[in-house]
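All values derive from a computational prediction rather than experimental measurement. Count residues from 1 along the sequence.
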Amino acid sequence: MSRNCHSPRVAMVLEYVALGSLIIMTGVTASQVLRDVFGSPGHDPDRGQSR
C-alpha cells in the first residue's frame, strides 16, 4: 500500500506501521511458544476439565 502513495511521508509512516506490527506479532508469538514450552506444570489449561 505504501508504494501506491504519492506522498513520501505517508509511505514512510505506512512502512513503519507495518514493521512495528510485524515486530509486535513476532514478540507475541514468541512469548506464547515459550510459555507452552517452558510453562509451569501446575498451570495446565486442560487440567480439571472432564472429557
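The hydrophobic clustering, which links ILVMFWY residues whose side-chain heavy atoms are closer than 4.5 Å, places F38 and V33 together.
The distance from atom CG of L34 to atom OG1 of T29, rounded to the nearest 0.5 Å, is 11.0 Å. A distance of 12.5 Å separates CG of L14 from CG of L19, quoted to the nearest 0.5 Å.
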